[in-house]
There are 2 protein chains.
Amino acid sequence: MKPSPLITALQASGHRITRQRRVVLEVLEESQEHLDAESLYQKARQRAPRISLATVYRTVAVLKQMGLIAEYSLGEEHGHFETVPETPHYHFTCIGCGQVVEFDTPQVAVAIQELAEREGLEICTVQFSLTGYCACCRAGRGR
Amino acid sequence: MKPSPLITALQASGHRITRQRRVVLEVLEESQEHLDAESLYQKARQRAPRISLATVYRTVAVLKQMGLIAEYSLGEEHGHFETVPETPHYHFTCIGCGQVVEFDTPQVAVAIQELAEREGLEICTVQFSLTGYCACCRAGRGR
DNA sequence: TTGTAAATGAGAATCACTTGCAATTATAGC
DNA sequence: GCTATAATTGCAAGTGATTCTCATTTACAA
Ligand SMILES: [Mn+2]
Ligand SMILES: [Mn+2]
Ligand SMILES: [Zn+2]
Ligand SMILES: [Zn+2]
């Protein structure tokens with residue numbers, strides 16, 4: 001078995017390594033998608049049939065709190081999770097096909113930084129996401 | 001009675017002007033705050049005691065769809081509403097005192113515009129909001 | 001004044017997520 | 001390895017926000 005970075009971090013922080021946690025971590029590390037709790041649950045059950053949805057929620061809560069994964073709001077009513085990326089990025093979700101386009105806009109980071117300094121704010125969370133139609137879906141409609 | 005712009009717009013689009021809609025609109029126009037459905041409901045009941053929360057939700061849904069008001073996610077689990085502002089702006093919510101700071105960052109609009117052109121996207125919604133601690137609250141803690 | 005479709009109120013339903021609790025289980029110490 | 005113990009889990013019930021169903025009311029065109 002290869003020592004996954006997430007497992008190592010969990011262990012180092014004093015958390016126990018259970019089969020269900022291991023499986024959720026594996027799913028998160030393998031799929032470089034933006035999985036929601038339900039998909040995470042479905043994929044996890046394939047490797048740990050008795051895992052519960054509650055445990056999935058509890059696991060992502062721990063990982064999030066440790067800064068190992070990030071939760072995004074992608075225009076749907078539920079959250080999506082992703083291992084924390086080397087380079088921070090934001091998301092555009094196509095309303096037509098569901099595709100998620102990741103992008104980076106350094107200007108946004110700069111704008112936030114300037115605002116924080118000017119107003120004396122300490123920024124804790126940044127929520128930035130777009131929805132609309134991708135090039136393909138626009139073609140399939142007028143324009 | 002002064003003919004409120006929201007009422008006029010509603011009427012023009014073929015919607016009926018009911019007492020409850022009139023009241024919700026008034027509350028939205030009077031308070032230049034970011035009200036959530038519950039506050040909107042409480043304020044509306046003072047002028048229309050029998051109004052229901054469902055009607056508040058139905059009313060803001062109609063107004064939103066008509067582009068007369070905007071719904072924001074300010075870090076809480078529920079939405080907040082505001083009449084659509086002349087100049088678009090974003091929000092920072094203080095985790096300590098709840099204060100909402102409005103700000104404008106033209107750079108963000110530019111970044112979005114550039115992204116849309118580069119990737120051929122049609123942007124429909126932009127979600128951009130920050131949370132953290134305001135200057136006052138930072139003083140009241142370390143740093 | 002009336003007919004009719006739109007809107008409302010009350011409460012049930014839904015959805016994503018959280019929690020209580022008894023049963024498991026990881027793991028530190030022997 | 002065996003044990004004690006506290007962390008973790010599964011399940012089911014609980015939440016909070018929002019939506020929906022449906023019988024009743026009401027706006028408003030004619
Ligand atoms: Mn999803
Ligand atoms: Mn609120
Ligand atoms: Zn698309
Ligand atoms: Zn504050």
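In what follows, chains carry the letters A, B, and so on, assigned in the order in which the sequence lines appear, proteins first and then strands, with residues in each chain numbered from 1.
- Residue-level contact check: Arg21(B) touches the backbone only, with heavy atoms under 4.0 Å from sugar-phosphate atoms and none from bases.
- The side chain of Arg58(A) approaches dC11(D) more closely than any other nucleotide in the set dC11(D), dA10(C), dA6(D).
- Across the protein-nucleic acid pair, Leu40(A) atom CG and dC17(C) atom P stand 11 Å apart, rounded to whole Å.
- Using a 4.5 Å heavy-atom cutoff, the side chains of Ile7(B) and Arg22(B) are in contact.
- A donor-acceptor pair shorter than 3.5 Å can be found between the side chains of Gln127(A) and Ser73(B).
- Heavy atoms of Ile17(B) sit under 4.0 angstrom from primed sugar atoms or phosphate atoms, though from no base atom.
- Rounded to whole Å, atom C1' of dT9(D) lies 17 Å from atom OH of Tyr57(A).
- Between Tyr72(B) and His80(B), the ring center distance fails the sub-6.0 Å criterion.
- Nucleic acid contact class of Arg50(B) (heavy atoms, under 4.0 Å, all strands): sugar-phosphate only.
- Among dC11(D), dA6(C), dG9(C), the nucleotide with an atom closest to any side-chain atom of Ser52(B) is dG9(C).
- In this structure, the nucleotide among dT18(D), dG9(C), dG10(D) sitting nearest to the side chain of Thr55(B) is dG9(C).
- Asp36(A) and His78(A) share a side-chain donor-acceptor pair at under 3.5 Å.
- In the set dC17(C), dG10(D), dT8(D), dG10(D) carries the atom at the smallest distance from any side-chain atom of Gln20(A).
- The listed nucleotides are dA12(D), dT8(C), dA26(C); the one nearest the side chain of Ala54(A) is dA12(D).
- Here Glu38(B) lies out of heavy-atom contact (under 4.0 Å) with every strand.
- Listed candidates were dT8(D), dA7(C), dG9(C). Nearest to the side chain of Thr18(B) is dA7(C).
- The side chain of His78(A) approaches dC17(C) more closely than any other nucleotide in the set dT8(D), dG10(D), dC17(C).
- Residue Leu53(B) is the one, among Arg19(B) and Leu53(B), whose nearest nucleotide of DNA chain D lies closer to the 5' end (criterion: closest heavy atom).
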